[in-house]
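Below is one structure, written out as structure tokens; the observations come after it.
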Protein chains: 2
Amino acid sequence: MTPTTASAQRARPTTARKREEILKAAIETFGSKGSTNGTLADIAEQVGMTHAGVLHHFGSKQKLLLEVLSYRDKTDVEELTDQHIPGGPELFLHLVRTAFANARRPGIVQVFTVLSSESVTNGHAAHSYFLERYQVLRADVRDAFEVLCAQEGVTDREAIDKASASILAVMDGLQLQWLLEPTAVDLGEASEFAITAIVHEVLRPGQPLSSYARGES
Amino acid sequence: MTPTTASAQRARPTTARKREEILKAAIETFGSKGSTNGTLADIAEQVGMTHAGVLHHFGSKQKLLLEVLSYRDKTDVEELTDQHIPGGPELFLHLVRTAFANARRPGIVQVFTVLSSESVTNGHAAHSYFLERYQVLRADVRDAFEVLCAQEGVTDREAIDKASASILAVMDGLQLQWLLEPTAVDLGEASEFAITAIVHEVLRPGQPLSSYARGES
DNA sequence: CCTGGCTAACTTACTTGTCAGTAAGTGCGC
DNA sequence: GCGCACTTACTGACAAGTAAGTTAGCCAGG
């Protein structure tokens, strides 16, 4: 068995544990302060060492940040009993479940909300991470739609594209509102409602919005 | 005639113009670097002065930031011919039009995307700004839904609440994806699709998601 | 006994905000 | 219409704080 990260020969058995401790502290810190305002010293303090110690493990703040992001992905998948993200219509249920689960971990949600938006700026460290992330996720949702549409005898490539982006979008947007005011939005319920709405619209498109404004029912 | 801003006697006629120049530079800078990474010196350079000059006009970075936010709101409303945001079902059309309009101004969209997420962190300068903003916007959408629902003979308070948050959420979320990869998402089209979907779901709720996974149509 | 894990002590690089000073206005009395 | 009093719009220098990263070296486990 090759070690997790190829080159590094991590002698001490406590090392891996310490790294994970730092990673968790980093999630906590980046989540509550953002990646620019959260400092290495903040993180180091949480695990009882100096910021130089953190750098010893991760080399630079940027590397730590990227490891935080992939760490979440890793643990996310581990949560699934079968260790893989379901496809087809099951995916939509999985997304809803994820939304409910997220309502129990504001810290991680906050890291992602803050970092994904930060990543939009010029040459942010995590720019390509998020770019690829959304590409992959949209493709996953698209695939699920294709299975479902075949099942229901519907085909509308354009609708599927718009719906795929929209589903991810509502989830993100609701997280933002929920983080700002947790009591104002029920993250799980609202996500479920919106995802259901979008799925329905793909399967059975209704009349255009403008007809309501004109008073037609 | 009382002067525009009560106390302040802004003698020089060029002052207002310069302030606006700074404001626009700040939008540019905060948009491309975020409010934490964008410095007063960056902004000052764009308008050909020193950072101290900027502080002379706005007092502090925080005040400048808040003025940037309300400046956008002000110019936003000015765009509307009738100078006020429409209510009732018209609001949904207005939101869709806004989404299409936003696709033409990535700069401003980026400021809002970046700042709204930043504002989620601990004691961010713009935290309460965005908190209140979403409260107001959700209430506006809720009102529109109530008019529409009365018109269509539907009542579901819970659905309306979830839908109101969801509509704002999709718009924000789509902006994020669009900023990351403008070619991957059509901001206007996708927003229209999602908003329509959510409105339909309130008016005519469909079967639960789980039924599709079970293969029932 | 050597290497990994860590710290102390810096260095370097910024950033915001303050301050004093200056040049160019503005408006007023005359 | 002119000069004087006063204000505005800055600049340049600097204080104070904070962050990332570097280096030398100590200590303990394997």
Side-chain angles (χ1 to χ4, degrees), chain A residues 3-23 25-26 29-30 32-68 114 118 121-126, chain B residues 3-23 25-26 29-30 32-68 115 118 121-126:
Chain A
T4 45
T5 14
S7 57
Q9 339 112 281
R10 248 166 244 138
R12 301 275 214 299
T14 54
T15 305
R17 221 181 325 246
K18 202 81 199 178
R19 271 179 63 94
E20 197 160 327
E21 231 183 288
I22 295 172
L23 237 20
T29 299
F30 290 152
S32 65
K33 299 191 174 185
S35 79
T36 353
N37 274 6
T39 71
L40 293 178
D42 288 336
I43 295 163
E45 199 188 2
Q46 281 182 77
V47 297
M49 63 168 77
T50 64
H51 86 275
V54 173
L55 284 171
H56 169 73
H57 284 287
F58 292 91
S60 75
K61 191 185 182 182
Q62 171 161 331
K63 283 183 193 157
L64 171 60
L65 177 63
L66 293 174
E67 289 225 37
V68 163
V114 174
E118 262 187 20
T121 61
N122 53 0
H124 194 278
Chain B
T4 44
T5 11
S7 56
Q9 338 112 284
R10 242 169 248 137
R12 302 275 217 297
T14 53
T15 305
R17 223 183 320 250
K18 201 80 199 181
R19 271 179 64 95
E20 196 160 328
E21 231 185 289
I22 295 171
L23 237 19
T29 300
F30 290 153
S32 67
K33 299 192 173 181
S35 78
T36 357
N37 274 5
T39 71
L40 293 178
D42 288 336
I43 295 162
E45 200 188 2
Q46 280 182 78
V47 297
M49 63 167 77
T50 63
H51 86 275
V54 173
L55 284 172
H56 167 73
H57 284 286
F58 293 92
S60 75
K61 192 185 182 183
Q62 171 160 332
K63 283 183 194 157
L64 172 58
L65 175 64
L66 293 175
E67 289 226 36
V68 162
L115 295 187
E118 263 187 19
T121 60
N122 52 359
H124 193 278

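Labels below follow one simple rule: chain letters A, B, ... track the order of the sequence lines, proteins then strands, and each chain is numbered from 1.
The NE2 atom of His124(B) sits 5.5 Å away from atom OG1 of Thr36(B), with the distance rounded to the nearest 0.5 Å. A distance of 12.0 Å separates NZ in Lys61(B) from CG in Leu66(B), rounded to the nearest 0.5 Å. To the nearest 0.5 angstrom, Leu55(B) atom CG is 10.5 Å from Met49(B) atom CE.
Applying the side-chain hydrogen bond (donor to acceptor under 3.5 Å, both in side chains) rule to Glu20(B) yields the partners Tyr71(B); only residues at least two apart in sequence or on another chain are considered.
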| request: Any chance you could list the contact pattern along nucleotides 8-20 of chain C? Use B for base contacts, S for sugar-phosphate-only contacts and - for none, protein heavy atoms under 4.0 Å, 5' to 3'. | output: B------SSBB--
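Ile22(A) has its CD1 atom 10 Å from the C1' atom of dG5(C), to the nearest Å. The NE2-P distance, from His56(B) to dG21(C), rounds to 18 Å in whole Å. The nearest whole Å value for the distance from the CE atom in Met49(A) to the P atom in dT7(C) is 6 Å. Atom P of nucleotide dA20(D) and atom NZ of Lys33(A) are separated by 11 Å, given to the nearest angstrom. Look at CZ on Phe30(A): it is 12 Å from C1' on dA20(D), rounded to the nearest Å. In this structure, the CD atom of Glu45(A) is 15 Å from the C1' atom of dT7(C), given to the nearest Å. Straight-line distance from the CG atom of Leu64(A) to the C1' atom of dG21(D): 14 Å, rounded to whole Å.
Residues Phe30(B) and Ile43(B) are in side-chain contact: their nearest non-hydrogen atoms beyond the backbone lie under 4.5 Å apart. Taking the side chain as every heavy atom from C-beta outward, Leu115(B) and Leu65(B) approach each other to under 4.5 Å.
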Distances under 3.5 Å between nitrogen or oxygen atoms of protein and nucleotides 22-25 of chain C:
from    : atom 1 : to       : atom 2 : distance (Å)
dA24(C) : N3     : Arg12(B) : NH2    : 3.2

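Residues Asp42(B) and Asn37(B) come closest through the heavy atom pair OD2-O, 4.1 Å.
A 6.0 Å sphere centred on CD of Glu45(A) holds no more than 12 heavy atoms belonging to other residues, nucleotides or ligands.
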